[in-house]
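Reading through the structure tokens given below for one structure.
Please read these numbers as outputs of a predicted model, since none were measured by experiment. First the proteins, then the strands, lettered A, B, ... as listed; each starts at 1.
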2 protein chains.
Amino acid sequence: MSDTTHSFNIENAKSQMRKGFLEFPVLLIIGTSPTYAPDILKQLKEANLLVVEGTLYPLLSRMKRADLVSYTWEESKSGPPRKMYTITKEGKDVLAHLEESWRALDTSVNTLIKQYEKGN
Amino acid sequence: MSDTTHSFNIENAKSQMRKGFLEFPVLLIIGTSPTYAPDILKQLKEANLLVVEGTLYPLLSRMKRADLVSYTWEESKSGPPRKMYTITKEGKDVLAHLEESWRALDTSVNTLIKQYEKGN
DNA sequence: TAAGGTACTTTGCATTGCAAGGTACCTTGA
DNA sequence: TCAAGGTACCTTGCAATGCAAAGTACCTTA
């Protein structure tokens, strides 16, 4: 019930998968290994999922607010301190649902593509 | 250059793939065979891509405005006339780009998933 | 000819993505 | 030592999407 107050409601994971797509890859990256924003941007870029600061920072804030991730400040040898993000237990649960939704979407779309190509 | 005036600019097909995802499956459906809105809704539902009228109709209008689809009125034996949508030449071109973007996205995400699962 | 089904449209809101601009910390080298 | 440049984080304002809900209009049929 308390889930309805924020946007990471598991029940509409499928809807979320379409509306706000980026939380999925970002959560995957943080889930793989704790990181901070500029590194996430770099990884997204390497994966050909271009995202910019103005998109990522608000997204991270939302995920923090929804308790999908947590962060600790960590000193750097080359500049100001970094917010190192780590996935939470709840984040892992949501991630599992997002992954399921992704696979369903993947299957659906690829089916539509096959139908399209069958007709030339 | 005139492409920048509407939202189906091929150059940001990749960005579009994330922001407005639905145009891709809808264009696939219309491209496979001419149809009208309620039938598109039915096909999307069968593909587990739930969409509602309030989303689909404006999307169809946008695609019409961008010349990705055209329509003709067609009489029905069970109610008011229908707007039968057909994909245009330009629509097929855009669809090819969207498909390419989709495959890239598909690969990227599945790579991130594998990396995540490798670390447990 | 009224009732109900089918089809299309519009309005208003919440949310996302992004460009652009801003703040603050830290290192380095002149 | 302190200015310059790099790194990191944050915010604001706009355009666009997704959706619920309400509305219009056509057509069949009982």
Problem set entry | Within-4.5 Å side-chain heavy-atom neighbours: B:Trp102 and A:Ile113 |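 They are in side-chain contact.
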Would you indicate which nucleotide in [options] comes nearest to any side-chain atom of [X]?
X	options	result
A:Pro80	D:dT7, C:dA19, D:dC9	D:dT7
A:Tyr36	C:dA19, D:dA8, D:dC27	D:dA8
A:Pro81	D:dC27, C:dC25, C:dC8	C:dC25
A:Leu22	D:dA8, C:dC8, C:dG17	C:dG17
B:Ala37	D:dC9, C:dC25, C:dC8	C:dC8

Take atom [atom1] of [X] and atom [atom2] of [N], then tell me their distance rounded to the nearest Å.
X	N	atom1	atom2	value
B:Leu60	D:dC19	CG	P	14 Å
A:Arg65	C:dA14	CZ	C1'	14 Å
B:Leu49	D:dC19	CG	C1'	16 Å
B:Lys42	C:dT6	NZ	P	12 Å
B:Lys64	C:dC8	NZ	P	14 Å
B:Arg82	D:dC27	CZ	C1'	12 Å
A:Trp73	D:dT7	CH2	P	17 Å
A:Glu23	C:dT16	CD	C1'	10 Å

Would you say [N] has OP1 or OP2 under 4.0 Å from some side-chain N or O of [X]?
X	N	answer
A:Lys83	D:dC10	yes
A:Arg62	C:dG17	yes
A:Tyr57	D:dC10	no

For this session: On DNA chain D, check which nucleotide each of A:Ser61 and A:Gly79 is closest to and give me the residue with the more 5' one.
Result: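 With A:Ser61 and A:Gly79 compared, the 5'-side residue is A:Gly79.
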Exercise. Starting at the 5' end of DNA chain D and moving along, which residue's nearest nucleotide shows up first, B:Glu75 or B:Pro58?
Worked result: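 Between the two, 5'-proximity favours B:Pro58.
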Exercise. Is there a donor on the side chain of A:Glu53 or the base of C:dC18 sitting less than 3.5 Å from an acceptor on the other?
Worked result: no
Exercise. What pair of heavy atoms forms the shortest contact from A:Pro25 to B:Leu112, and how long is it?
Worked result: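 Result for this residue pair: CB-CD1, 3.7 Å.
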For this session: To the nearest 0.5 Å, tell me how far A:Leu28 CG sits from B:Glu117 CD.
Result: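 Reported value, rounded in 0.5 Å steps: 8.5 Å.
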Problem set entry | From CG (A:Leu68) to CG (A:Leu60), nearest 0.5 Å |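 If we round to the nearest 0.5 Å, A:Leu68:CG and A:Leu60:CG are 11.0 Å apart.
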For this session: Look at all strands and tell whether B:Thr55 reaches a base, only sugar-phosphate, or nothing, counting heavy atoms closer than 4.0 Å.
Result: base
Problem set entry | Cation-aromatic face contact B:Lys64/B:Tyr71, 6.0 Å, 45 degrees | yes
Problem set entry | Axial cation check for B:Tyr36 ring with B:Lys83, 6.0 Å and 45° limits |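 Not flagged: B:Lys83 not positioned over aromatic ring of B:Tyr36.
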Exercise. Starting at the 5' end of DNA chain C and moving along, which residue's nearest nucleotide shows up first, A:Lys77 or A:Gly54?
Worked result: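 Nearest nucleotide further toward 5': that of A:Gly54.
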